[in-house]
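Here is the structure we will look at.
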Amino acid sequence: MQMRHFRLMFSASLQKQHTSSRMKVPLALCICFSLTLTLTQTSERPTCNDCDEDHFCNCRAKDLHGVPIVPDDVLYLDVSFNEIESITQRDLTCYTELRNLKLQKNKLSTIHKEAFHSQSKLEALDLSFNNLKNISSQWFSNLRSLKHLNILGNQYTTLGSIALFQFVENPALRTLQFGNLWIRDVKQNLLRNIRQLDELSFVGGVLRSYENGSFQTIQPIRAVSVSLSRLFQDDPALVSKILRDVSHPETSLTIRDVSLETQELIEPLREVTEGGTRSLTFQNIITTDEAVSRLLEVLDGSPVSYIGLEDICLIGQGWWEKAKRTHLENLHTIHVRNIEIQGFFKFSSMIQLAFLLKHLTKISVINCTVFVIPCLTSCFLKKVEYLDLSQNLLSDITMQESLCNGDSKMRNINTLNVSHNSLKSLQLMSHLVTSLDRLTSLDMSHNNFVKMPQSCSWPASLRFMNLSTTKLHRVTPCLPLSLTVLDLSQNFLTEFHLHLPNLAELWLTGNRIIALPEGGHFPSLRMLFIQSNTLNMFNKSDLMAFQSLQVLEAGHNNFFCSCDFVEFFQGSIDHLITLGDGHRSYMCDSPFTLRGLNIDTAQPPVFECYMILLVSVICSVTVIGVIAIGVTCHKFHILWYLQMMIAWLKAKSKPSVQMAALLFDTMLFVSYSQHDAQWVEEILVPELKSSESPLALCLHQRDFLPGRWIADNIIESIESSYRTLFVLSENFVTSEWCRYELNFSHFRIIDERNDSAVPDPARAHRQGDDSQALLQTAQNNELQDVPRVA
Ligand SMILES: *[C@@H]1O[C@H](CO)[C@@H](O)[C@H](O)[C@H]1NC(C)=O
Ligand SMILES: *[C@@H]1O[C@H](CO)[C@@H](O)[C@H](O)[C@H]1NC(C)=O
Ligand SMILES: *[C@@H]1O[C@H](CO)[C@@H](O)[C@H](O)[C@H]1NC(C)=O
Ligand SMILES: *[C@@H]1O[C@H](CO)[C@@H](O)[C@H](O)[C@H]1NC(C)=O
Ligand SMILES: *[C@@H]1O[C@H](CO)[C@@H](O)[C@H](O)[C@H]1NC(C)=O
Ligand SMILES: *[C@@H]1O[C@H](CO)[C@@H](O)[C@H](O)[C@H]1NC(C)=O
């Protein structure tokens with residue numbers, strides 16, 4: 001059912017295509033094909049989910065037997081090291097955006113001629129080391145953007161007589177690698193059409209024929225590498241033909257994977273001299289003193305200015321003086337790397353090579369077990385400007401010899417590289433180079449200095465110094481003020497407090513530094529690299545302190561994602577500075593809840609971020625609330641009512657005692673305003689006292705306990721009095737305390753349903769009962785209308 005439905009859709013879309021724009025055809029087809037694939041081929045085609053946000057799908061070494069299904073917008077697809085045997089017409093149809101396709105080291109034996117037809121944007125294709133027996137130029141007919149093609153290895157024995165890119169009008173090809181151990185012929189047409197090639201690599205150990213001009217393009221190829229191994233022995237004439245085509249002043253030539261042990265094998269290299277080659281490299285070669293001498297003779301008078309020797313096994317001791325009458329004035333640069341010398345221990349002095357050394361300006365002898373350059377030899381290096389002795393066995397003592405104990409004749413030297421050796425004394429190094437007054441660049445990385453002396457002497461010309469991986473724990477003023485670039489990465493530094501006014505680049509990667517160095521000390525600093533330290537955070541003012549800083553790389557630190565830092569990082573850091581390593585490498589280390597999160601996406605808890613705000617809001621709300629309650633209480637006399645309630649509740653909970661107390665109460669509480677005091681004292685009190693049964697009177701002025709709260713006094717007095725007499729006057733009504741007294745007494749009337757209040761002086765006078773003074777206190781008390789607690 002599903003399939004039929006799909007077919008209907010398919011034909012519908014095809015019909016539509018006739019009427020609608022042509023541009024939509026591939027898209028519709030593609031959608032349809034992916035439908036087909038999901039409907040019919042899911043079981044056959046594997047999937048690969050290792051794709052990242054850059055549309056890079058890494059499906060390397062996954063035991064795949066077919067081209068996997070990946071997202072349609074893939075740009076970079078690596079399916080190398082799998083078991084894929086064929087590529088069908090449809091396998092790649094959907095991946096129209098593909099730029100880079102790696103298919104090397106599979107078992108490819110068939111590729112459909114239209115397999116790459118939708119990859120018009122493909123720039124790099126690697127088909128090397130498969131089982132392809134034929135290379136078809138039809139594969140490439142639509143690869144208009146292809147720049148890099150690698151078809152090394154495989155089992156083809158010829159590429160045929162047609163051009164690889166015969167169907168492409170203007171091939172973009174820049175690098176081509178081809179050939180294998182079986183290829184028998186190279187035909188003239190091979191590179192036809194190609195205008196300019198930057199790099200050509202060819203492997204052809206059993207070649208039988210090579211047509212003149214096959215390796216020639218309209219413009220000379222920039223770099224050619226040929227691996228012809230046994231051909232030097234088997235067919236020197238063929239080698240000459242090839243070398244003739246690739247020798248050109250603008251072409252740097254690499255000859256690799258060959259054993260050049262006798263003089264005769266060197267003969268084809270005459271073509272190199274004749275072609276005017278200036279840059280010649282040998283790679284992976286076994287050779288002898290004899291062959292080297294012959295080579296130098298063959299190059300006599302040639303314009304060659306650069307000789308490279310990489311991965312060389314020399315059977316000999318450096319006796320090349322047979323060639324000492326040669327003219328190699330043009331030879332300025334020798335680059336030697338990974339050389340293994342069988343007569344190594346006899347290879348100590350190179351005085352016999354003076355004829356060669358005296359012209360050199362650039363020498364690199366890297367990873368060659370050099371442990372000393374005798375001072376005598378270094379005397380010939382008067383012209384040398386660049387000396388790289390990295391990855392060797394130099395020690396303090398042999399360094400002393402090599403630089404003639406500080407009196408070296410290499411006065412033109414501007415770059416010295418002694419990285420990856422066994423040097424221990426920075427003090428000695430500074431002493432040895434101090435007279436080299438043109439030295440600008442000194443690389444001493446990967447040595448074992450451990451300590452930095454307090455002061456050193458360096459040539460004033462020194463600008464660049466590399467002290468990375470030298471086990472330093474501390475920096476001192478030993479470092480020269482003239483430096484513009486300083487690399488101190490991969491040490492054990494915990495701080496960096498120096499003033500280096502000219503420094504423009506500072507590398508502190510891989511140390512244990514907790515805070516950014518103080519910006520004020522580096523007024524010229526433009527780039528700061530401080531990744532993989534233990535930085536907690538930094539802020540705007542830290543960065544602003546650097547007057548000239550443009551680029552900062554500080555990823556992979558132990559950032560504490562506080563609210564301030566996160567806000568600064570997400571908000572304003574990009575306006576201040578360029579983060580050279582991108583936001584992605586900045587992760588939170590603490591607090592624990594945010595660990596491992598990118599700072600860009602981290603959200604510290606709201607409470608923490610706005611803690612001060614929250615606390616102040618809560619505090620002010622509380623204060624306002626308290627004030628409001630206070631005002632309300634004051635306004636509506638709530639406290640007093642509460643007191644009253646409590647007093648009454650108390651009274652009710654102890655009825656027997658209270659009742660007993662009251663029963664014997666014959667006291668009269670007189671409630672009056674302070675303004676009526678005169679009247680009360682002069683008229684009312686004598687009047688009441690002079691009646692036939694004088695009453696005990698409770699007067700606030702006299703009987704209230706000092707120091708107690710007025711409300712308490714009132715309550716107690718009313719409670720303990722048999723009656724309360726109110727002196728109702730204008731003053732009474734305006735007095736707050738009098739109103740309390742009235743209220744309280746009403747309360748008592750209602751509560752006890754008795755008649756304890758006498759609202760009228762006249763009535764009180766009539767009702768006067770025998771009373772007995774129960775109250776002991778008789779002290780004067782200055783009661784006022786104002787509430788008072790004291
Ligand atoms: C493949 O190459 C072989 C020779 O190596 C040749 O005989 C054969 O015809 C070629 N096949 C195709 C399809 O080109
Ligand atoms: C190739 O060039 C060489 C020398 O220029 C010449 O001797 C030889 O005949 C040429 N071969 C062909 C097939 O053109
Ligand atoms: C140094 O050279 C030796 C052979 O001489 C080689 O095995 C080794 O891999 C080289 N080391 C580096 C770092 O290139
Ligand atoms: C010095 O040599 C090391 C190792 O060979 C290399 O990594 C470094 O770039 C060189 N330094 C300079 C300044 O060329
Ligand atoms: C310093 O030397 C190390 C190791 O040789 C190298 O990786 C680094 O790039 C050098 N630093 C600079 C600034 O060239
Ligand atoms: C920035 O951080 C430094 C410590 O790194 C601190 O001394 C300074 O007060 C901070 N400045 C601001 C504005 O937070």
Side-chain angles (χ1 to χ4, degrees), residues 26-27 29-31 33-34 37-38 41-42 44-108 110-130 132 135 139-154 164-165 168 171-178 197-199 201 555 579-585 598 600:
L27 187 70
L29 272 176
C30 192
I31 293 167
F33 277 132
S34 33
L37 295 174
T38 45
Q41 292 190 350
T42 329
E44 291 164 34
R45 280 189 63 186
T47 50
C48 168
N49 297 323
D50 285 343
C51 301
D52 63 18
E53 62 262 41
D54 295 329
H55 309 288
F56 170 84
C57 295
N58 183 1
C59 315
R60 183 187 169 93
K62 295 225 187 298
D63 202 22
L64 303 172
H65 286 263
V67 177
I69 296 171
V70 291
D72 286 356
D73 53 2
V74 59
L75 291 179
Y76 186 108
L77 178 58
D78 185 350
V79 283
S80 56
F81 295 87
N82 282 298
E83 308 282 322
I84 303 169
E85 286 174 9
S86 68
I87 301 178
T88 68
Q89 187 178 5
R90 290 170 176 184
D91 279 351
L92 297 166
T93 317
C94 288
Y95 313 135
T96 52
E97 294 299 312
L98 209 55
R99 304 294 148 94
N100 194 330
L101 177 59
K102 287 176 170 284
L103 280 160
Q104 74 266 32
K105 297 266 185 183
N106 276 282
K107 294 183 172 159
L108 284 177
T110 57
I111 297 178
H112 190 273
K113 62 183 194 315
E114 289 179 1
F116 305 122
H117 261 215
S118 43
Q119 275 72 50
S120 58
K121 294 179 181 167
L122 194 69
E123 291 174 3
L125 176 61
D126 194 339
L127 292 168
S128 59
F129 302 100
N130 280 290
L132 298 166
I135 302 293
W139 297 339
F140 313 122
S141 60
N142 237 8
L143 301 180
R144 288 185 292 274
S145 311
L146 193 67
K147 290 201 180 102
H148 311 284
L149 176 62
N150 187 348
I151 50 173
L152 278 172
N154 289 301
L164 267 185
F165 284 80
V168 188
L173 202 69
R174 289 288 177 273
T175 72
L176 173 64
Q177 291 166 278
F178 80 105
L197 211 52
D198 292 337
E199 209 183 310
S201 295
L579 289 179
D581 46 355
H583 282 230
R584 262 191 234 169
S585 43
N598 191 295
D600 266 342

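- The distance from the CG atom of Asp91 to the NE2 atom of His112 is 10.5 Å, given to the nearest 0.5 Å.
- A salt bridge is defined here as a Lys NZ or Arg NE, NH1 or NH2 lying under 4.0 Å from an Asp or Glu carboxylate O, and Glu83 with Lys107 meets this definition.
- With contacts defined as side-chain heavy-atom distances shorter than 4.5 Å, the pair Tyr95/Asp72 qualifies.
- Between Ile151 and Leu132 the shortest side-chain heavy-atom distance does not fall below 4.5 Å.
- For the atom pair NZ of Lys105 and CZ of Phe129, the computed distance is 6.0 Å after rounding to the nearest 0.5 Å.
- Of all non-hydrogen atoms in His583 and Asp600, the two that sit nearest each other are ND1-OD2, 2.8 Å.
- Annotation for Gly582 and Ser585: closest pair O-OG, 3.3 Å, computed over non-hydrogen atoms.
- Here the side chain of Asn82 pairs no donor or acceptor atom with the backbone of Asn106 at under 3.5 angstrom.
- Closest approach of Phe56 and Asn58 over heavy atoms only: CE2-CB, 3.5 Å.
- For the pair Leu108 and Ile84, the minimum side-chain heavy-atom distance is below 4.5 Å.
- Here Ser201 contributes atom OG and Asn150 contributes atom CG; the two are 8.0 Å apart, rounded to the nearest 0.5 Å.
- Judged by distance alone, with hydrogens and angles left aside, the side-chain atoms of Gln119 form no donor-acceptor pair with the main-chain N or O of Leu143 at under 3.5 Å.
- Atom CG in Asp198 sits 12.0 Å away from atom CG in Leu176 (nearest 0.5 Å).
- When all heavy atoms of Gly66 and Pro46 are compared, the pair lying nearest together is O-CG, 3.5 Å.
- At least one side-chain heavy atom of Leu101 sits less than 4.5 Å from a side-chain heavy atom of Phe116.
- Separating the CG atom in Leu64 from the CZ atom in Arg45 is a distance of 10.5 Å, to the nearest 0.5 Å.
- The closest side-chain heavy-atom distance from Ile111 to Leu127 is below 4.5 Å.
- Nearest approach of Ser118 to Thr93, heavy atoms of both residues: OG-O, 3.0 Å.
- Ion pairing between a basic and an acidic side chain is recognised when a charged N comes within 4.0 Å of a carboxylate O; Glu123 and Lys121 show no such pairing.
- A side-chain donor-acceptor contact under 3.5 Å links Asn130 to the backbone of Leu103.
- With Cys59 as reference, Leu77 is the one residue of Asp78, Leu77, Val67 to meet the side-chain contact (heavy atoms from CB on, under 4.5 Å) rule.
- Side chain of Arg174 to main chain of His148: no donor-acceptor pair is present (N/O by atom type, distance under 3.5 Å, no hydrogens or angles).
- Between Phe140 and Phe165, the two ring planes are parallel [angle under 30°; tilted spans 30° to 60°].
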Check against disulfide bond (SG atoms under 2.5 Å apart), Cys51 and Cys57: CA-CA 4 Å; Cys51 301; Cys57 295; 2.1 Å; yes
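- Under the 3.5 Å distance criterion, the side-chain polar atoms of Asp126 are matched with a main-chain donor or acceptor of Ser128.
- Nearest heavy-atom pair, Leu197 versus Leu173, reported as atom, atom and distance to 0.1 Å: CD1-O, 3.8 Å.
- Rounded to the nearest 0.5 Å, atoms NZ (Lys147) and CD (Glu199) are 14.5 Å apart.
- Between the side chain of Asn100 and the backbone N or O of Leu98 there is no donor-acceptor pair closer than 3.5 Å.
- The closest donor-acceptor contact from the side chain of Tyr76 to the backbone of Asp54 lies at 3.5 Å or more, if one exists at all.
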